[in-house]
Amino acid sequence: MSCDVLIVGAGPAGATAARTLALAGARVRMLDRARFPRNKPCGGAISMRALRGFPMCPAAFSRSPLA
């Protein structure tokens, strides 16, 4: 099995790099320690602790069900 590029890590950055390279014509393989599909419950979540780091966005706090 030959390829032009081996991407180690199939998270968001690795998947984006692999897609970009493949669209450009490269033969790409991805390697990750996890089996896919995998359960990743944190995808897309922003914690209240992280939101508190952005005091310029008070409206975001008032719309949060956890506020």
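Along the sequence shown, residues carry numbers from 1.
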Next item on the list: Any chance you could pull the hydrophobic cluster mates of I7, using side-chain heavy atoms under 4.5 angstrom and chaining through other members?
Entry: V5, L21, V28, M30
Margin query: Clusters formed by hydrophobic residues whose side-chain heavy atoms approach within less than 4.5 Å: which one holds L6, and what are its other members?
Written below: V8, L31
Next item on the list: Taking salt bridge (Lys or Arg N to Asp or Glu O under 4.0 Å) as the test, write out the residues that go with R27, two or more places apart.
Entry: D4
